[in-house]
Amino acid sequence: MRTCKEVSKLVSESLDHELSLWQRLGLWIHLSMCKFCRRYRKDLLHIHHEIQQRALAIEEDIINSEEKLSDNSRERIKSLLESQQ
Amino acid sequence: MALRDQRGTQISSTMTYHETMDNQIKADENILNPAAWVDEYGDYLYRYAISRLRNSEASEEVVQETFLAALKHVQQYQAKGTERAWLLGILKRKIIDFIRDRSRTKSLSEEDLKDLPDTFFDQKGNWQKEARSTSFAPLCSLERKDFWRILQGCLDKLPTRQADVFVLREMDDQSTEVICDELEISASNLWVLLHRARLQLAQCMKNCWQQN
């Protein structure tokens with residue numbers, strides 16, 4: 001029986017590569033019995049999913065953002081570009 | 001009727017021709033006028049950079065690098081996509097370069113790979129009480145706008161390398177092979193880094209949210 005510590009790592013790895021048959025088996029047996037690890041997996045999948053959704057709307061986000069290039073760097077970059085031409 | 005149509009067509013085709021020329025000239029002017037680039041695309045690129053690097057100095061640096069590289073390779077610009085998309089493509093490359101350099105300056109530290117702190121698991125490998133996911137406040141009920149703000153705040157608290165690999169993997173959807181190549185780390189090290197990043201992020205996001 002795998003520990004929660006091991007299973008939490010497998011949950012993460014399942015987002016990055018295909019698990020071996022043994023790993024999957026151990027993971028699912030543990031998950032079927034442990035609600036904390038099930039919740040942890042749900043949290044990770046949620047974070048993953050939200051970020052994916054967000055990526056689709058990245059244009060909108062960027063346009064709505066209030067971050068600005070500072071005036072100093074704006075001028076610095078402009079004069080750098082002029083000097084390079 | 002026919003005449004008007006013909007004239008109409010003529011006018012519109014002339015205008016289209018002029019418009020095309022105008023756009024062409026405008027595009028050429030932009031290409032040849034870097035000062036206009038900075039005004040037009042500076043904020044856009046900067047916002048993208050800061051969403052990835054979380055640091056204003058670093059973001060200004062990559063934006064500057066992007067414009068300089070663009071100027072150098074201006075002949076390679078093909079008017080297939082927009083200028084902005086072209087610049088964004090260069091910026092993405094510069095961001096990876098920046099992360100790679102930042103990661104090269106220090107080798108994988110103990111902080112990145114040592115055993116997880118006892119805050120998450122007890123000696124037997126069970127979840128510590130405080131680290132357990134509770135059922136009454138699952139992360140998935142977090143509103144989208146709060147989610148993003150909290151995620152950025154929590155990424156900021158992670159060790160840099162862990163945050164960087166998380167951003168490359170989850171936000172930029174890079175393959176693990178590419179990340180390992182760029183950062184010159186093994187796959188198993190990458191998995192450890194990502195695991196630690198996710199564990200701490202999930203925890204931090206819940207804490208921040210509950211304190212709200």
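A, B, ... follow the sequence lines: proteins, then strands. Residue 1 opens every chain. Side-chain atoms are counted along with the backbone in the values below, which use heavy atoms only and exclude waters and symmetry mates.
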Check your understanding: Would you call the rings of B:Phe147 and A:His46 parallel, tilted or perpendicular, where under 30° means parallel and over 60° means perpendicular?
Key -> perpendicular

Review point. For B:Lys124, is it the side chain, the backbone, both or neither that has a heavy atom under 4.5 Å from a heavy atom of chain A?
Key: backbone

Exercise for review: Would you indicate whether the side-chain heavy atoms of B:Phe67 and A:Leu80 approach each other to under 4.5 Å?
Suggested key: no

Exercise for review: Name the member of A:Glu13, A:Glu6, A:His48, A:His17 that forms the most heavy-atom pairs with chain B at distances under 4.5 Å.
Suggested key: A:His17

Revision key, fill the gap. So OG of A:Ser83 and CG of B:Leu68: to nearest 0.5 Å the spacing works out to 8.0 Å

**Study point:** Choice from A:Val11, A:Ile77, A:Val7 maximising heavy atom contacts with chain B below 4.5 Å
**Key:** A:Ile77

Practice item. Not counting sequence neighbours, which residues clear disulfide (SG to SG under 2.5 Å) with B:Cys204? List them please. Key: B:Cys154

Practice item. First locate atom OH of B:Tyr46, then atom CZ of A:Arg74, and finally report the distance between them rounded to the nearest 0.5 Å. Key: 10.5 Å

Exercise for review: Check whether A:Glu75 gets within reach of chain B through its side chain, its backbone, both or neither, counting any heavy atom under 4.5 Å.
Suggested key: neither

Check your understanding: By a 4.5 Å heavy-atom criterion (distance strictly below it), what part of A:Leu45 contacts chain B: side chain, backbone, both, or neither?
Key -> neither

Revision key, fill the gap. Checked A:Leu15, A:Thr3, A:Asp16 vs chain B; the most non-hydrogen pairs under 4.5 Å come from A:Asp16

Study note, to complete from the structure: Shortest non-hydrogen pair, A:Leu69 vs B:Asp43, comes out as N-OD1, 2.9 Å

Revision key, fill the gap. Residues at least two apart in sequence or cross-chain that pass side chain to side chain donor-acceptor pair (under 3.5 Å) with B:Glu60, listed by chain then number, are A:Ser70, A:Ser73

Point to revise | pair B:Arg47-A:Lys68: side-chain heavy atoms closer than 4.5 Å | key: yes

Point to revise | B:Asp122/A:Lys5 ion pair, N-O < 4.0 Å | key: no

Review point. Would A:Asp43 and B:Arg198 pass as an ion pair if we require N to O under 4.0 Å?
Key: no

**Study point:** Expected output: side-chain B:Arg132 to main-chain A:Phe36 donor-acceptor under 3.5 Å
**Key:** no

**Study point:** A:Arg76 versus chain B, the contacting section by heavy-atom distance below 4.5 Å
**Key:** side chain

Practice item. Using non-hydrogen atoms and a 4.5 Å limit, figure out which bit of A:Ile47 sits close to chain B: side chain, backbone, both or neither. Key: both

Exercise for review: Could you tell me which of B:Ile50, B:Asp172, B:Leu45 has the largest number of non-hydrogen atom pairs under 4.5 Å with chain A?
Suggested key: B:Ile50

**Study point:** Which portion of B:Leu151 sits near chain A, non-hydrogen atoms under 4.5 angstrom
**Key:** side chain

Point to revise | Sub-4.5 Å side-chain heavy-atom contact between B:Phe120 and A:Ser8 | key: no

Practice item. Please test A:Ile51 against B:Trp148 for side chain to side chain contact (heavy atoms under 4.5 Å, CB included), starting from the C-alpha separation and ending with a verdict. Key: CA-CA 9 Å; A:Ile51 292 175; B:Trp148 205 248; 4.0 Å; yes

Exercise for review: Compare all side-chain heavy atoms of B:Phe121 with those of A:Cys4 and state whether any distance is below 4.5 angstrom.
Suggested key: yes

Practice item. Could you walk me through whether B:Asp39 and A:Lys78 pass the side chain to side chain contact (heavy atoms under 4.5 Å, CB included) test, one step at a time? Key: CA-CA 9 Å; B:Asp39 283 331; A:Lys78 277 187 194 174; 3.0 Å; yes

**Study point:** Distance (rounded to the nearest 0.5 Å) between B:Lys72 NZ and A:Gln84 CD
**Key:** 8.5 Å

